[in-house]
There are 2 protein chains.
Amino acid sequence: MRTAKHKSNIPMTRSSSLTFSPLYRQIKELVIKSLEAGEWGPGDAIPSEAELALRFNVSQGTVRKAIDEMAAENLLVRRQGKGTFVATHSDPRNFFRFLRLMPDNGRTQQYESEPLSCVVREASAEVAGVLNIKPGDAVVAIERILRFDGQPVVFDEIYLVGELFADLTLDRLKSYERSLYSLLESAFGVRMIRAEERLRAVAANAAVAVHLGTAVGHPLLLVERVAYTYGNKPVEWRRGYYCTEQHHYLNELG
Amino acid sequence: MRTAKHKSNIPMTRSSSLTFSPLYRQIKELVIKSLEAGEWGPGDAIPSEAELALRFNVSQGTVRKAIDEMAAENLLVRRQGKGTFVATHSDPRNFFRFLRLMPDNGRTQQYESEPLSCVVREASAEVAGVLNIKPGDAVVAIERILRFDGQPVVFDEIYLVGELFADLTLDRLKSYERSLYSLLESAFGVRMIRAEERLRAVAANAAVAVHLGTAVGHPLLLVERVAYTYGNKPVEWRRGYYCTEQHHYLNELG
DNA sequence: AAGTGGTCTAGACCACCGT
DNA sequence: CGGTGGTCTAGACCACTTG
């Protein structure tokens, strides 16, 4: 047994008001560090609250508050009686968290992804700026179509940081059953935490019109997304063209 | 002093698993009832945690958890050392909570609202369905333009439940300095709690093109919104046409 | 029955705000 | 200084899941 003078392993710098952060937030950061390090993989159970309280030498209530915040941020999932689990993009509950497209009439619909290409390329200045890398650095460029009920509805151009995903191939995309983020998380250990989307209305150009089977000039919803992993590190930029004839982008304003 | 057998005023039906709701959630509902009843108006301070704990005969921690949830839902705002306050649309922090339009380059920009018309009308079947009223019931129909830096960027058609807002006039809209929701909350006591937006890309028709100064057929972002007040009651439906030449709709995916 | 998360309490103390 | 929200603790008990 350790004989500590202080109750907690963590120095309590309560008075230094500039960098003060409460105990539960320090615990949270430690747990996030463990997630980043892969101590527990997606879908795994993390140690119980009591066990974490012992490990960090704090009360269970403090651990609880840390986990509360992480559950609210979709990093962890609580299941009463079972434990607390690392969130995963394989979970069906997360399928529509990053794809807000819904059919105008009727229920949540399944879609099929059709990857068209997947090549390593040098980052343009624009892509590099968004992904916080240098122009000319490697990026993985993907083109794909999403079909709802057989009809093409979305055309995506996706750019992934090359350093992390260089081994990705078209075959691998085609043979994978689940979502792209699910693949990136399970095959590359990189989990998408949050994203920003910027939406505009544009007219279809010739290339996109062919992919979506619409007329050139047809109004399309342009959705540009930057996705971030732990530590607010941008790892994906994508540009999606949504045909909103029979679908719409649904957003909840809390 | 009351001499209660039970610790709390509220019956603890912990075993009836069908309708079980924890104490803090029951407290939360009571506080929401007080908000609906107008016991404390927008911007007012509600009683302290200790006072509420006394009133409801529960511990401060339980009150705290109830208020935590309400703060997370933007119903209340906590301010350390000062108290807990009823959220208000007059608060600048809420200006961009319901208008997600941002200029492409540069910082959050002020906009001016130009109301064009405000008339009481019979609800169409479409509007009535969304607002959960009967076709033919009264609605207040508003048209307006939002200008950023003098340029028209948004054209809105707004429909409000007539029962609540029948006294609204064009003059009142024109003379009011702040946001529409701010007016509805202060003048009619109806607070918008949350909203759903459905986004599509459409081609500008002649009427809208004139208002926005664009060509007919120009791609526009169509934003349809249903806004709800307490108890998930829909009270507003609006259809906004956004010109996204120099602006975009920003959405955070948590 | 044992182990997990979920609720509730009582009390101590800290950080912040106003007077 | 007193009052407010914010943090932390220790312990009790409840609800859910699994064996």
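All values reported here derive from a predicted model rather than from experimental measurement. We name chains A, B, ... by the order of the sequence lines, and we start the count at 1 in each one.
Protein atom CG of Asn57(A) is 13 Å distant from nucleotide atom C1' of dC8(D), rounded to whole Å. Across the protein-nucleic acid pair, Gln60(B) atom CD and dC8(C) atom C1' stand 13 Å apart, rounded to whole Å. Summarising the geometry, the separation between CD on Glu49(B) and P on dT9(C) is reported as 14 Å, rounded to the nearest angstrom. Computed from coordinates, the Phe20(A) CZ to dC14(C) C1' distance equals 8 Å when rounded to whole Å. One can place CD of Glu51(B) at 12 Å from P of dG3(D), the figure rounded to the nearest angstrom. Spacing between atom CD1 of Ile27(A) and atom P of dT9(D) amounts to 8 Å, rounded to whole angstrom units. In this entry the distance linking CD of Glu69(B) with P of dC8(C) reads 11 Å, nearest Å. The distance from atom NZ of Lys28(A) to atom C1' of dT7(D) is 15 Å, rounded to the nearest whole Å.
Nearest nucleotide to the side chain of Thr62(B), out of dC8(D), dT9(C), dG6(C): dT9(C). Nearest nucleotide to the side chain of Ser59(B), out of dA10(C), dT7(D), dC8(D): dA10(C). Listed candidates were dC8(C), dG5(C), dG6(D). Nearest to the side chain of Leu23(B) is dC8(C).
Contact annotation: Arg78(B) reaches the phosphate of dG6(D) (side-chain N/O to OP1 or OP2, under 4.0 Å). Taking 4.0 angstrom as the limit, Lys65(B) places none of its side-chain polar atoms (N or O) nearer than this to OP1 or OP2 of dC8(C). When the side-chain nitrogen and oxygen atoms of Arg64(A) are compared with OP1 and OP2 of dG6(C), one or more of them lie within a distance under 4.0 Å.
Nearer the 5' end of DNA chain D, as judged by each residue's closest nucleotide, is the contact made by Tyr24(A), out of Gln80(A) and Tyr24(A). Positionally, the nearest nucleotide of DNA chain C for Ile67(A) lies more toward the 5' end than for the other of Ile67(A) and Gly61(B).
Listed in residue order, the members of residues 81-88 of chain B having a heavy atom less than 4.0 Å from DNA chain C are Gly81(B), Lys82(B).
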Run Arg238(B) and Arg144(B) through side chain to side chain contact (heavy atoms under 4.5 Å, CB included) and show every step you take. CA-CA 11 Å; Arg238(B) 67 166 71 182; Arg144(B) 71 167 188 189; 3.1 Å; yes
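Under 4.0 Å is where a charged nitrogen must lie from a carboxylate oxygen, and between Glu49(A) and Arg78(A) at least one such pair does. A salt bridge does not link Glu224(B) with Arg198(B): none of the charged nitrogens is closer than 4.0 Å to a carboxylate oxygen. In summary, Arg147(B) and Glu112(B) do not engage in a salt bridge, as defined by a charged side-chain N under 4.0 Å from a carboxylate O. Under 4.0 Å is where a charged nitrogen must lie from a carboxylate oxygen, and between Arg194(B) and Glu73(B) no such pair does.
Applying the ring-ring contact (aromatic ring centres under 6.0 Å, His included) rule to Phe85(A) yields no partners; only residues at least two apart in sequence or on another chain are considered.
For Glu114(A), the CD atom is densely surrounded, since the number of other residues' heavy atoms within 6.0 Å is greater than 12.
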